[in-house]
Every structure is written in structure tokens, then in C-alpha cells.
Amino acid sequence: MEPPNLYPVKLYVYDLSKGLARRLSPIMLGEGAGGGREGAGTAGRGKQLEGIWHTSIVVHKDEFFFGSGGISSCPPGGTLLGPPDSVVDVGSTEVTEELFLEYLSSLGESLFRSEAYNLFEHNCNTFTNEVAQFLTGRKIPSYITDLPSEILSTPFGQALRPLLDSIQIQPPGGSPVGRPNGQS
């Protein structure tokens, strides 16, 4: 019997803040603006966020992601976000391109419809975590999936939640996946 074909699976990680989260998060998420001097007696140090993560899965020579427009694809690095800030090797899969596209089509009609998008609870990272587990049995790194709860656990995050809940993110440059032409 011939061994199965294995296809590499990569997680592309983009920092939507372009470095601002790293610099501003201690101030905005709890630490005093004086770098800890004025806020030393307050309820604790601010959280240090390394980035505001957008992720996508690269497999079968395409990049797949979820946003407010539903599931989309593009050539790797082909959105206006440009090249990823980092690439995580998730593993390999035996899932063929045909089966994978059928799976994405079914996700796009159920769990990952465009109207299901929510910045904190059902986003690009929820999608890539689901797809990574389907393809490889592995989850994406927890520093990515834990980010929404880390932000919402702060007074600043709670204060901004009504505004942030209204934000819809759809990286430009992708094409819809799983919908026949002309249907949205």
C-alpha cells in the first residue's frame, strides 16, 4: 500500500496593531501612564499584549481566513495585510484539497457564515483553531486564542466592549470560499 500524501499546514499570524499593542497595552490595560510609578498602588500592573492577532491557515497553496465577509481565500500573503509577522508550522495533513474545500463550504454554510462573525467570540482565530484541529488534530497557540478574554478581563476592555463588539474585520484582498458565483 502506498503511503498517503502529506500536505503542510501553516498558521499565518498578523499583528493588526503593527506593534502598537506592545507599546500601549500596559498603559491602556491597567498600568499607570508613568510606567508604574503613579500606578504602583493600584489594582495591579497592566497586561502586556504582544499584538492584536489576525490568523489564517495556509494549506494546498492558498491562504484561508474568516472575517465579517465569511470564509475567504487568497494566495499566501495576498491580502492587503501583506506578509505575515510570523508563521507557525501546525503540522501536516492527509486531507486532500477537494475534501478540504468541501469542509470549508460546509463551515461557510453553518458555523462560519458572515453574520456569525464577532470580534471577541467568533473570529478569524476561532476559525483557524477549528480548521487546524480538523487538518492536523492540533490547536493554534493559546496566546492567540486567549487574547479576547485577556482584554475583556480588564476595566478598559469592559468599557470598550460595546464599541469593539460593533467592529467587523475583513482583510481586503481575498475571494469568498464555498459560495457559488453571484451568491453572498
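FYI, the numbering just counts along the sequence from 1.
Going from atom SG of Cys124 over to atom CZ of Phe112 covers 10.0 Å, rounded to the nearest 0.5 Å. Between Gln158 atom CD and Ser153 atom OG the span is 8.5 Å, to the nearest 0.5 Å. Between the OG atom of Ser56 and the CD1 atom of Ile71 there is a distance of 13.0 Å, given to the nearest 0.5 Å. A distance of 7.5 Å separates CZ of Phe66 from OG of Ser114, quoted to the nearest 0.5 Å.
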Assess whether side-chain contact (heavy atoms from CB on, under 4.5 Å) is satisfied between Val88 and Ile140, documenting all intermediate values. CA-CA 9 Å; Val88 176; Ile140 68 171; over 6 Å; no
Begin from the C-alpha positions of Val58 and Val9 and carry the test side-chain contact (heavy atoms from CB on, under 4.5 Å) through to its verdict. CA-CA 6 Å; Val58 176; Val9 179; over 6 Å; no
Evaluate ring-ring contact (aromatic ring centres under 6.0 Å, His included) for Phe100 paired with Tyr7, printing each intermediate quantity in order. CA-CA 11 Å; Phe100 179 63; Tyr7 307 98; over 10 Å; no
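Listed by first then second residue, pairs satisfying side-chain hydrogen bond (donor to acceptor under 3.5 Å, both in side chains) with a partner in residues 124-142 read Thr55-Asn125, Thr55-Thr128, Asn123-Thr126, not counting sequence neighbours. Judged as a salt bridge (Lys or Arg N to Asp or Glu O under 4.0 Å), not a single pair has a partner in residues 143-157 (not counting sequence neighbours). Residue pairs meeting the ring pair (Phe, Tyr, Trp, His ring centres under 6.0 Å) criterion with at least one member in residues 73-92: none, sequence neighbours excluded. Legend: side-chain hydrogen bond (donor to acceptor under 3.5 Å, both in side chains) pairs involving residues 80-89, not counting sequence neighbours: none detected.
Evaluation of the side chain to side chain donor-acceptor pair (under 3.5 Å) rule for Glu121 yields Arg161 as partners, not counting sequence neighbours. Remark: Tyr12 engages no residue in a ring-ring contact (aromatic ring centres under 6.0 Å, His included) (not counting sequence neighbours). In this view, Arg22 and Gln48, Glu50 satisfy the side chain to side chain contact (heavy atoms under 4.5 Å, CB included) rule, not counting sequence neighbours. Listed by chain and residue number, nothing satisfies the ring-ring contact (aromatic ring centres under 6.0 Å, His included) test with Phe120 (two or more places apart in sequence, or in another chain). In this view, Arg23 satisfies the side chain to side chain donor-acceptor pair (under 3.5 Å) rule with no residue, not counting sequence neighbours.
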Just list the side-chain donor-acceptor pairs under 3.5 Å for residues 91-99, sequence neighbours left out, or say none.
unit_1 : atom_1 : unit_2 : atom_2 : d
Thr93  : OG1    : Val95  : N      : 3.0
Thr93  : OG1    : Leu135 : O      : 2.8
Thr96  : OG1    : Leu99  : N      : 3.2

Validation: residues 14-21 side-chain donor-acceptor distances under 3.5 Å, sequence neighbours left out:
unit_1 : atom_1 : unit_2 : atom_2 : d
Tyr14  : OH     : Glu63  : OE1    : 3.3
Tyr14  : OH     : Glu63  : OE2    : 2.7
Asp15  : OD1    : Ser17  : N      : 2.9
Asp15  : OD1    : Ser17  : OG     : 2.7
Asp15  : OD1    : Ile52  : N      : 3.0
Asp15  : OD2    : Ser17  : OG     : 3.2
Asp15  : OD2    : Gly19  : N      : 2.9
Ser17  : OG     : Gly19  : N      : 3.4
Ser17  : OG     : Leu20  : N      : 3.4
Ser17  : OG     : Ala21  : N      : 3.0

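When the side chains of ILVMFWY residues are joined at heavy-atom separations under 4.5 Å, either directly or via intervening members, Val87 and Leu6 end up in two distinct hydrophobic clusters.
In this structure the side chain of Leu107 reaches within 4.5 angstrom of the side chain of Val131, judged on heavy atoms. Taking 4.5 Å as the limit, every side-chain heavy atom of Val59 sits out of range of all side-chain heavy atoms of Val90.
Ring geometry for Tyr103 against Phe134 counts as parallel: the plane angle stays under 30°, on a 0 to 90° scale with 60° as the upper cut.
In summary, the aromatic rings of Phe127 and Phe65 are positioned with their centroids too far apart to meet the 6.0 Å limit.
Of all the heavy atoms in Leu111 and Ala116, the pair that sits closest is O-CB, 3.6 Å.
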